[in-house]
Structures are given as C-alpha cells and as structure tokens.
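Only heavy atoms go into these numbers, but all of them, side chains included; no hydrogens, no water, no symmetry mates. Quick caveat, the model's predicted, so the values are computed rather than measured. Numbers for residues simply follow the sequence, beginning at 1.
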Amino acid sequence: MSKIKAKSFGIELITHSRNVLLTANKIIYTILKNPESTTLEVIKLGALLHDIGKCTEVFQKMLNGKLKKSKNKFRHNEIGWAFLYRYLNVNSETLKQVLDIVYWHHGISNKLNENNHFQILESVSENDIETMKTILVELLGDDYLLKIPRDAENYNGEKTPLYYSRNDGLEKYMINRTCIISADRLASKLEEKGLLDNVDEIIDEYLIKENTFVLDNCPSEYTTRFSKQLEIVDSCEKTTIIKAPAGFGKTLTGLIWGAKTNKKLIWVCPRNAVALSVYNSVLNELKAFNLNVNVELFLSGEVIKTNNKTEGFTSDIIITNIDNFLAPTIDSRISDRLFLINKADVIFD
C-alpha cells in the first residue's frame, strides 16, 4: 500500500494523527486540570482517527494534484464517521463521543440527519474500506477493529447526527470538539512550518495577553469608588454576577478583574451599540491609567475598530457581541477559536 497523506504538502496521515494527539494532550490539560481517564481515551481516539476518512483513492488523488475536485458528495469527516460507526471496537459511550468528534471536526456539506452510514460507505470502494481498516490497526492495534461490522441488526443504518442532539452532557461533547479541532488546526499550521516543537509556546500565544496590565495606581478622580471596586473584584469567585446602577463604574470593575490574570479578556455584549460603547469606555479607562493594552471591537466577523493593528480575535481585550462569541461553535471556518472562548477570561455585560 502506498503512503497515505494527510495534507497536500506531503505529511503522512499516521504522522499527522500522532501530532494531533500530542497537541490535543497538551490542550486538554489546559482546559481541564484533572481530566477523567474516559475523557483522555476519547481524546486519544478522536485525535488519532479524526482524518481516517481521507484514506480514499479520490481524496489521495486530490492531495497529489491528480484531481481538482472530488465527485463524492460526502466529505472525509462524514466518511470517517460512517466507517468508525461500523468498525471501531469500543464501548457505546466512548463510540458516541468519538463519532461526534470525527463528524464535527469539519463543516458538513449535506443535510443533517438525512443520510445513513450505509449510503456514505457505498460512496467509497472496498479497497478504500480496507485501507481505513489498515490505518486504524496501525494507529491503535488489532483489538480496536471489529471483525463483524456493527450493523448486523441495524438494517436502516445509523443516520448522520444533528448538531445539538446530545442531551446526555453536551458540555463534554463541546470540550472534546474544542480540544480536537484546536489541536488539528494548530498541528497543521506547525507541521507546514516545521515548528511542531513550539506547540507549548503557540498554545500560550492563544491565551496570554501580549501586554499584561495592573490597575492599582489610581488617578485622583477615581479615588471615591476605586477602593470599593477593588473590594468587589477581590471577592469575586470563578463565576460572579455584579449588579450595580448605571454610572457606578462597572467597566472599570471589569478591567480590574480582567487584569488579575495574564489571560486574554473577551467582553461579550448583547448588542452592537453596547459593544461600541464598551469599547470607547475601555479605551478611556486605560488612557486614564496610562496603560498600553491591545483592544479590538470585533463585530460581524471582523475587526471594526482597534487601537493596534491586529489579526481578528487576537487582542488582549476583545469586545464583541454574543453572536460573534458563539459563532465558533457552529462555524467550522473559525472553530479553532473554540479553545480561546473556553479558556479566556470572559465578561458578559
């Protein structure tokens, strides 16, 4: 069997899968301090198997420049999902989580919940199926390959899932997706540049402010309420609701709280007009304290205003609305932001 590629620049699927696992293991310990063993197993399987649907002759021809576009209506993540449903030998709960990772790690080109795994696998050849089996065994060992396919009694086939179809712990599914999608995007970038040894540094860049700041040198005009604002911030726990009247100084209180860590701060507003007002207020407060902090107003999928030239959604303080904050959970083009929105400090205004 010829070498199976993962990317057009030549990296092999086996190598890429192991690189994603390496990166995913670092990310999961950033998201969760003490991940459960079952979570680590799901992350391992999801990382190693997320691209197994690329083991088709058609996809390999595209990577090798012999074919411009696939005629198959199903994408590699859909093919991988169908193959693993049929052949991956794990318990039912682990299988559900791994299938979720594989199916959602890229955009979906077909109507959700419309096709079943039989229809998807009928779109590829028996040779393609055998290649996927070989890769699965090479990555995980023979015990993970079902000898008798998992559809002997399911003649209607397993249908492709809906997005928010899990009622049994959606949070863990989102953590899994966050981990694997972020690891896949990050590993791919580093592989192409030959910088995989820098993965820890790059993960830090996603989360850590370029310019950390401290608001403790109070300007004279702030003395009346500043001590109370410091007291409020000092009493804040992991999740805190602050209720105060207009004009109290909630923006400055939020900035004091955001300065407590070196993580980036995402400020989420209900409407664009509120976001613009917060952006201007934040700049005024930082100016009063003579602080140099990168701030951007990110609306409608782009940077609307910024005090520093920046790639979108990368500033020390990102002021946005709820739609842009949640967009990475449903838009595969920007799903690498899932890691940031899950780990940054967040203020809901």
Side-chain angles (χ1 to χ4, degrees), residues 23-35 175 178-179 181-183 185-186 189-190 195 197-219 222 226 229-242 249-269 275 278-279 281-298 303 305-320 324-325 328 334 336-349:
T23 309
N25 279 337
K26 295 179 182 294
I27 288 175
I28 193 61
Y29 279 100
T30 304
I31 296 174
L32 301 174
K33 289 184 178 179
N34 297 298
I175 288 174
T178 296
C179 184
I181 291 171
S182 300
R185 302 292 174 88
L186 179 54
K189 290 178 183 178
L190 297 179
L195 296 173
D197 289 341
N198 295 9
V199 63
D200 290 309
E201 178 184 334
I202 302 300
I203 288 174
D204 285 344
E205 287 181 6
Y206 271 89
L207 295 177
I208 295 176
K209 298 184 182 85
E210 182 179 345
N211 300 298
T212 57
F213 60 94
V214 178
L215 290 92
D216 56 4
N217 186 18
C218 176
Y222 284 78
F226 192 66
Q229 290 164 323
L230 288 173
E231 180 184 330
I232 290 171
V233 170
D234 287 340
S235 66
C236 287
E237 298 179 358
K238 187 173 182 181
T239 301
T240 303
I241 297 174
I242 296 178
K250 293 189 292 294
T251 300
L252 181 57
T253 305
L255 284 173
I256 297 169
W257 177 80
K260 290 178 68 174
T261 73
N262 61 1
K263 291 194 293 186
K264 292 179 181 177
L265 177 64
I266 305 178
W267 204 303
V268 185
C269 302
V278 168
Y279 174 79
S281 295
V282 166
L283 290 185
N284 289 335
E285 302 288 18
L286 293 172
K287 183 178 179 181
F289 281 80
N290 196 29
L291 292 172
N292 177 32
V293 182
N294 298 333
V295 185
E296 68 180 83
L297 176 64
F298 190 94
V303 178
K305 290 191 173 188
T306 179
N307 66 348
N308 182 60
K309 291 183 179 180
T310 181
E311 181 183 349
F313 229 81
T314 60
S315 297
D316 299 330
I317 301 175
I318 302 162
I319 300 167
T320 189
N324 282 273
F325 179 72
I334 54 173
D336 51 333
R337 287 185 203 151
L338 283 170
F339 181 40
L340 178 61
I341 67 174
N342 275 279
K343 283 303 295 179
D345 290 330
V346 180
I347 293 173
F348 291 100
D349 198 321

Checklist outcome for this item: Test side-chain contact (heavy atoms from CB on, under 4.5 Å), reference L340, set T314, I266, V346, output is I266

Next on the checklist: Counting only heavy atoms not in K287 (residues, nucleotides, ligands), do more than 12 fall under 6.0 Å from its NZ?
Outcome noted: no

Checklist entry - Any donor-acceptor pair under 3.5 Å linking the side chain of K26 with the backbone of D200? => result no

Item to check | Whether F313 and F298 hold their rings parallel, tilted or perpendicular, with breakpoints at 30° and 60° | outcome: perpendicular

Checklist entry - Measuring from I334:CD1 to I341:CD1, what's the distance to the nearest 0.5 Å? => result 8.5 Å

Checklist outcome for this item: Closest non-hydrogen atoms of W257 and C236, given as atom of the first, atom of the second and distance, are CD1-CB, 4.1 Å

Checklist entry - Do I202 and E205 touch side chain to side chain, with heavy atoms closer than 4.5 Å? => result yes

Next on the checklist: Pair V268, D349 - check side-chain contact (heavy atoms from CB on, under 4.5 Å), show working.
Outcome noted: CA-CA 6 Å; V268 185; D349 198 321; over 6 Å; no

Checklist entry - So do I317 and Y279 actually touch side chain to side chain, heavy atoms under 4.5 Å? => result no

Item to check | Partners passing salt bridge (Lys or Arg N to Asp or Glu O under 4.0 Å) against K305 (at least two apart in sequence or in another chain) | outcome: none

Next on the checklist: Using 0.5 Å steps for rounding, measure from the CZ atom of R337 to the OG atom of S182.
Outcome noted: 12.0 Å

Checklist entry - Quick one: do the T306 and E296 side chains pair a donor with an acceptor below 3.5 Å? => result no

Checklist entry - Any side-chain heavy atom of L186 within less than 4.5 Å of one from F339? => result no

Next on the checklist: Evaluate K263 against I208 for side-chain contact (heavy atoms from CB on, under 4.5 Å), listing each step before the verdict.
Outcome noted: CA-CA 4 Å; K263 291 194 293 186; I208 295 176; 5.7 Å; no

Checklist entry - Taking side chain as C-beta onward, heavy atoms only, is W267 less than 4.5 Å from V282? => result yes

Checklist entry - Quick one: are I181 and P328 in side-chain contact, heavy atoms under 4.5 Å? => result no

Next on the checklist: Consider side chain to side chain donor-acceptor pair (under 3.5 Å). Of N308, N294, N292, which one does E210 pass it with?
Outcome noted: N294

Checklist entry - Is atom CG of N290 surrounded by more than 12 heavy atoms (other residues, nucleotides or ligands) closer than 6.0 Å? => result no

Next on the checklist: Quick one, L207 with K264, criterion side-chain contact (heavy atoms from CB on, under 4.5 Å). Give me CA distance, side-chain angles, the key distance, then yes/no.
Outcome noted: CA-CA 6 Å; L207 295 177; K264 292 179 181 177; 6.0 Å; no

Checklist entry - Are the side chains of L265 and D316 in touch, meaning some heavy atoms are under 4.5 Å apart? => result no

Checklist outcome for this item: Heavy-atom nearest pair, L230 first then I256, reads CD2-CG2, 3.8 Å

Checklist entry - Quick one: are the ring centres of F348 and F325 less than 6.0 Å apart? => result yes

Item to check | Heavy-atom check, side chain of V295 versus side chain of S315, under 4.5 Å | outcome: no

Checklist entry - Going by heavy atoms in the side chains, are K209 and T212 under 4.5 Å from each other? => result yes

Checklist entry - For S235 and I232, which heavy atoms make the closest approach, and how far apart are they? => result OG-O, 2.7 Å

Checklist entry - Closest approach of C179 and A24, non-hydrogen atoms and distance? => result SG-O, 3.2 Å

Item to check | Distance (rounded to the nearest 0.5 Å) between L252 CG and S281 OG | outcome: 10.5 Å

Checklist entry - Can you tell me if D336 uses its side chain to pair, donor with acceptor, with the backbone of R185 under 3.5 Å? => result no

Next on the checklist: Return the CG to OG1 distance between L190 and T23, rounded to the nearest 0.5 Å.
Outcome noted: 7.0 Å

Item to check | Trace of the side-chain contact (heavy atoms from CB on, under 4.5 Å) decision for V233 with T253 | outcome: CA-CA 7 Å; V233 170; T253 305; 3.8 Å; yes

Checklist entry - Between CD1 of I242 and NZ of K250, what distance do you get to the nearest 0.5 Å? => result 9.5 Å

Next on the checklist: With rounding to the nearest 0.5 angstrom, report the CG to CD distance, D234 to E231.
Outcome noted: 8.0 Å

Checklist entry - What heavy-atom pair brings N25 and I28 nearest, and what distance separates the two atoms? => result O-CG2, 3.3 Å

Item to check | Minimum-distance pair of heavy atoms, taken over all atoms of V278 and C269 | outcome: CG2-SG, 3.9 Å

Item to check | D345 and T261: side chain donor to acceptor below 3.5 Å | outcome: yes

Item to check | Donor + acceptor pair across side chains of T178, N342 (<3.5 Å) | outcome: yes

